[in-house]
Amino acid sequence: MEFIEAKTILQRATHGEEWFGIDYNMNLYKGCCHKCIYCDSRSNCYQVENFDRVRAKKDEIEILSQELKSKRKKGVIGIGAMSDTYNHFEKQYKITRQALELISYYNFGVSIETKSNLIVRDIDILNEINKKADVILKFTITSADDSLSKKVEPGVCVSSERLKAMKQLSKEGLFVGTLLTPIIPFITDSEDNIRNVIRLSYKNGAKFVFSMGGVTLRENQREYFFERLDKSFPKLKEKYIKNYRNNYFCYPLNKNLGKIFKEECEKYGLLYKMSDIVKAYKKEIKQKQLTFI
């Protein structure tokens, strides 16, 4: 593990209300070893060289402690947007666990997105945070089929293992759900897959399923994506070039998927609109509503 210099850990979230109502953002690791073929964080615009190489930040727990201590405004801290905070190195270094302990101590909330079942290790701290602040946990699940998830997300546990972790967290009373993002054209965009991901999410205790639709392709990420297609999905690259050319956002061609997604979520009583999801997990909003009754 390489440790790099860092002056700050916590950043004020820009447009946080549009992404699960977060107030702050932080990435405890730089880079990710999950090797998801679609990861937008690999794009040049984020300036993360050698994205597959995971690095941590020197003295980041001490820096984070000082930053949390100095914040007058409490709020929800988003973790894992750029680099999965539950990568393989977290088992040994426990940087995320230490950060969660600080978040609990200083009475902040947390919003975590991950593809790893390692998160269940920290159920005790997540429960502590949940007693006094807002907690929302999101598992990215792009495919209901383990063999397919292994192809598109080769460096992390398969979908069924994430769903087991989801069920365990849900049984603890934690607000947990699914990020059905991205929906990858010609790979995970079948109607059956959309239905199955939503059904399995419900079966394993999800309160919501959120989706942004297609896959993003730009700069070097496009090159990486096409390389992975050539290895795992022969001749599929040509379909992308023909149908999307150099488009940044590549939406599934089946226009019926949006309708199916909405109908299936409503069928199981799952939230799917961002505003509804935020209202459902925010304790502050609930408290204000009770005050006015």
Asker: Rounded to the nearest 0.5 Å, what separation is found between the NZ atom of Lys35 and the CZ atom of Arg42?
Answerer: 9.0 Å
Asker: Are the side chains of Thr114 and Val156 in contact, using a 4.5 Å heavy-atom criterion?
Answerer: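 SC-SC contact between Val156 and Thr114 ruled out.
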Asker: Tell me, yes or no, whether the heavy-atom count around Met1 atom CE, taken from other residues, nucleotides or ligands under 6.0 Å, exceeds 12.
Answerer: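 More than 12 heavy atoms, drawn from other residues, nucleotides or ligands, come within 6.0 Å of this atom.
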Asker: Could you list the residues that satisfy ring pair (Phe, Tyr, Trp, His ring centres under 6.0 Å) with Tyr106, not counting sequence neighbours?
Answerer: none
Asker: Taking Ile125's backbone N and O only, do any of them form a donor-acceptor pair with Ser104's side chain (distance below 3.5 Å, no angle check)?
Answerer: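 No; zero donor-acceptor contacts below 3.5 Å.
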Asker: Where do Glu219 and Cys45 come nearest, in terms of heavy atoms and distance?
Answerer: OE1-N, 3.1 Å
Asker: Give a yes or no answer on whether the side chain of Lys207 reaches the backbone of Tyr281 with a donor-acceptor pair at less than 3.5 Å.
Answerer: no
Asker: Does the Lys57 side chain pair with the main chain of Asn27, one donor and one acceptor, at a distance under 3.5 Å?
Answerer: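 Such a contact is found between Lys57 side chain and Asn27 backbone.
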Asker: Hey, what do you get for CG (Leu10) to OG (Ser65), rounding to the nearest 0.5 Å?
Answerer: 11.5 Å
Asker: Going hydrophobic residue to hydrophobic residue with side-chain gaps under 4.5 angstrom, can you get from Leu270 over to Leu137?
Answerer: yes
Asker: At their closest point, which heavy atom of Ile63 faces which heavy atom of Ala6, and how far apart are they?
Answerer: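 That would be CD1-O, 3.2 Å.
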Asker: Determine, step by step, whether Trp19 and Glu113 satisfy the side-chain contact (heavy atoms from CB on, under 4.5 Å) criterion, reporting the C-alpha distance in whole Å, the side-chain angles of both residues, the deciding distance to 0.1 Å, and the verdict.
Answerer: CA-CA 11 Å; Trp19 190 250; Glu113 46 209 70; 3.0 Å; yes
Asker: Quick one: does any side-chain atom of Ser211 pair with a main-chain N or O of Leu180 as donor and acceptor, under 3.5 Å?
Answerer: yes
Asker: Looking at every non-hydrogen atom in both residues, tell me the closest pair between Lys138 and Ser111 and how far apart they are.
Answerer: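 Lys138 and Ser111 have their closest heavy atoms at NZ-OG, 2.5 Å.
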Asker: Using a cut-off of 6.0 Å, state whether more than 12 heavy atoms not belonging to Glu2 lie near its atom CD.
Answerer: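 Counting other residues, nucleotides and ligands, CD of Glu2 exceeds 12 neighbours.
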Asker: Strictly below 4.0 Å, N to O, side chains only: are Asp230 and Lys237 in salt-bridge contact?
Answerer: yes
Asker: What distance do Tyr38 atom OH and Thr140 atom OG1 have between them, rounded to the nearest 0.5 Å?
Answerer: 5.5 Å
Asker: Search all heavy atoms of Tyr224 against all heavy atoms of Cys36 and return the closest pair with its distance.
Answerer: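 It is CE2-O, 4.0 Å.
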Asker: Among all residues two or more places apart in sequence or in another chain, which pass the side chain to side chain contact (heavy atoms under 4.5 Å, CB included) test with Asp189?
Answerer: Ile183, Pro185, Pro252, Leu257
Asker: Apply side chain to side chain contact (heavy atoms under 4.5 Å, CB included) to Glu238 and list each qualifying residue two or more places apart in sequence or on a separate chain.
Answerer: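 Expected list: Lys235.
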Asker: How long is the straight-line distance from CD1 of Ile22 back to OG1 of Thr14, given to the nearest 0.5 Å?
Answerer: 8.0 Å
Asker: Output yes when a side-chain donor or acceptor of Ser232 lies under 3.5 Å from a complementary backbone atom of Leu229, and no otherwise.
Answerer: no
Asker: Phe225: what forms a ring pair (Phe, Tyr, Trp, His ring centres under 6.0 Å) with it, not counting sequence neighbours?
Answerer: Tyr240
Asker: Could you tell me if the side chain of Tyr24 sits less than 4.5 Å from the side chain of Arg12, heavy atoms only?
Answerer: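 They are in side-chain contact.
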Asker: Using a 4.5 Å cut-off on heavy atoms from C-beta on, say whether the side chain of Asn117 contacts that of Tyr86.
Answerer: no
Asker: Just so I know, are the side chains of Ile194 and Glu264 near enough to count as touching, which here means a heavy-atom distance under 4.5 Å?
Answerer: no
Asker: Are Asn247 and Leu217 side-chain neighbours, meaning at least one heavy-atom pair lies under 4.5 Å?
Answerer: no
Asker: Which atom names give the shortest non-hydrogen contact between Ser143 and Val197, and what distance separates them?
Answerer: C-CG2, 3.9 Å
Asker: Tell me if the NZ atom of Lys132 is crowded by more than 12 foreign heavy atoms within 6.0 Å.
Answerer: yes
Asker: Do the side chains of Leu100 and Glu128 get nearer than 4.5 Å, heavy atoms only?
Answerer: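 No. Closest side-chain heavy atoms not under 4.5 Å.
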Asker: Closest heavy-atom contact between Val135 and Leu126?
Answerer: CG2-O, 4.1 Å
Asker: Give the cluster check for Leu163 versus Phe175: same hydrophobic cluster or not, with ILVMFWY residues linked at side-chain heavy-atom distances below 4.5 Å.
Answerer: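 No, Leu163 and Phe175 fall in different hydrophobic clusters.
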Asker: Is a side-chain donor or acceptor of Arg222 paired with a backbone partner of Asn246 at a separation under 3.5 angstrom?
Answerer: yes
Asker: With a 3.5 Å distance limit and no angle check, can you tell me whether His34 reaches the backbone of Ser116 through a side-chain donor-acceptor pair?
Answerer: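 Flag not set: sc His34 to bb Ser116 has no pair under 3.5 Å.
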Asker: Under 3.5 Å, is there a donor on one side chain and an acceptor on the other for Glu90 and Tyr29?
Answerer: yes
Asker: Could you check whether any side-chain N or O of Asn193 sits under 3.5 Å from a backbone N or O of Ala144, counting only pairs where one atom can act as donor and the other as acceptor?
Answerer: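 At least one qualifying donor-acceptor pair exists.
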Asker: Side chains of Pro182 and Thr142: closer than 4.5 Å at any heavy-atom pair?
Answerer: yes
Asker: Decide whether Ile241 and Phe186 are clustered together by the hydrophobic rule: side chain heavy atoms of Ile, Leu, Val, Met, Phe, Trp, Tyr closer than 4.5 Å, transitively.
Answerer: yes
Asker: Measuring from Ile136:CD1 to Phe208:CZ, what's the distance to the nearest 0.5 Å?
Answerer: 4.0 Å
Asker: Any salt bridge (Lys or Arg N to Asp or Glu O under 4.0 Å) pairs touching residues 142-155, not counting sequence neighbours?
Answerer: Glu153-Arg162
Asker: Going through the checks in order, is the side-chain contact (heavy atoms from CB on, under 4.5 Å) test met by Lys262 and Glu266?
Answerer: CA-CA 6 Å; Lys262 179 181 177 181; Glu266 291 178 348; 3.2 Å; yes
Asker: Could you tell me whether the side chain of Ile187 reaches within less than 4.5 Å of the side chain of Val215, counting heavy atoms only?
Answerer: no
Asker: To the nearest 0.5 Å, how far apart are CG in Asp84 and CG in Leu118?
Answerer: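 Reported to 0.5 Å precision, the distance equals 9.0 Å.
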Asker: Please enumerate all residues that pass ring pair (Phe, Tyr, Trp, His ring centres under 6.0 Å) together with Phe226, with sequence neighbours excluded.
Answerer: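 Not a single residue meets the ring pair (Phe, Tyr, Trp, His ring centres under 6.0 Å) criterion with Phe226.
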Asker: So does Phe51 have more than 12 non-hydrogen atoms from other groups sitting under 6.0 Å from CZ?
Answerer: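 Correct, the count exceeds 12.
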Asker: Can you check salt bridge (charged side-chain N to carboxylate O under 4.0 Å, His left out) on Asp124 and Arg97, steps first, answer last?
Answerer: CA-CA 10 Å; Asp124 57 336; Arg97 183 172 177 84; 2.8 Å; yes
Asker: So does Met82 get a backbone contact from the side chain of Ser41, meaning a donor-acceptor N/O pair under 3.5 Å?
Answerer: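 Yes; judged by distance alone, with no hydrogens or angles, the pair exists.
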Asker: If only side-chain N and O atoms count, and only distance matters, is there a donor-acceptor pair under 3.5 Å linking Tyr46 with Asp40?
Answerer: yes
Asker: Assert yes or no for the condition that the ring centre distance of Phe210 to Phe20 is strictly below 6.0 Å.
Answerer: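 Ring centroids of Phe210 and Phe20 are less than 6.0 Å from each other.
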Asker: Does the salt bridge (charged side-chain N to carboxylate O under 4.0 Å, His left out) test come out yes or no for Asp23 and Lys74, once each step is laid out?
Answerer: CA-CA 8 Å; Asp23 302 285; Lys74 305 295 182 183; over 6 Å; no
Asker: Is it the case that the side chains of Tyr93 and Gln98 hold a donor-acceptor pair, with the cut-off being a distance below 3.5 Å and no angle test?
Answerer: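 No.
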Asker: Kindly work out whether a path of hydrophobic side-chain contacts (I/L/V/M/F/W/Y, heavy atoms less than 4.5 Å apart) joins Ile61 to Tyr105.
Answerer: yes
Asker: Between Ile141 and Leu148, is there shared hydrophobic-cluster membership here, with clusters defined by ILVMFWY side-chain heavy atoms closer than 4.5 Å?
Answerer: no
Asker: Does a donor on one side chain and an acceptor on the other come within less than 3.5 Å for Thr85 and Thr96?
Answerer: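 Distance-only check passes for Thr85 and Thr96.
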Asker: Return yes if some donor-acceptor pair links the side-chain N/O of Arg218 with the main-chain N/O of Thr216 below 3.5 Å, else return no.
Answerer: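 No, Arg218 side chain to Thr216 backbone: no donor-acceptor pair under 3.5 Å.
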Asker: For Ile198 and Glu263: C-alpha separation, side-chain torsions, deciding distance, then whether side-chain contact (heavy atoms from CB on, under 4.5 Å) applies.
Answerer: CA-CA 10 Å; Ile198 294 172; Glu263 289 177 348; over 6 Å; no
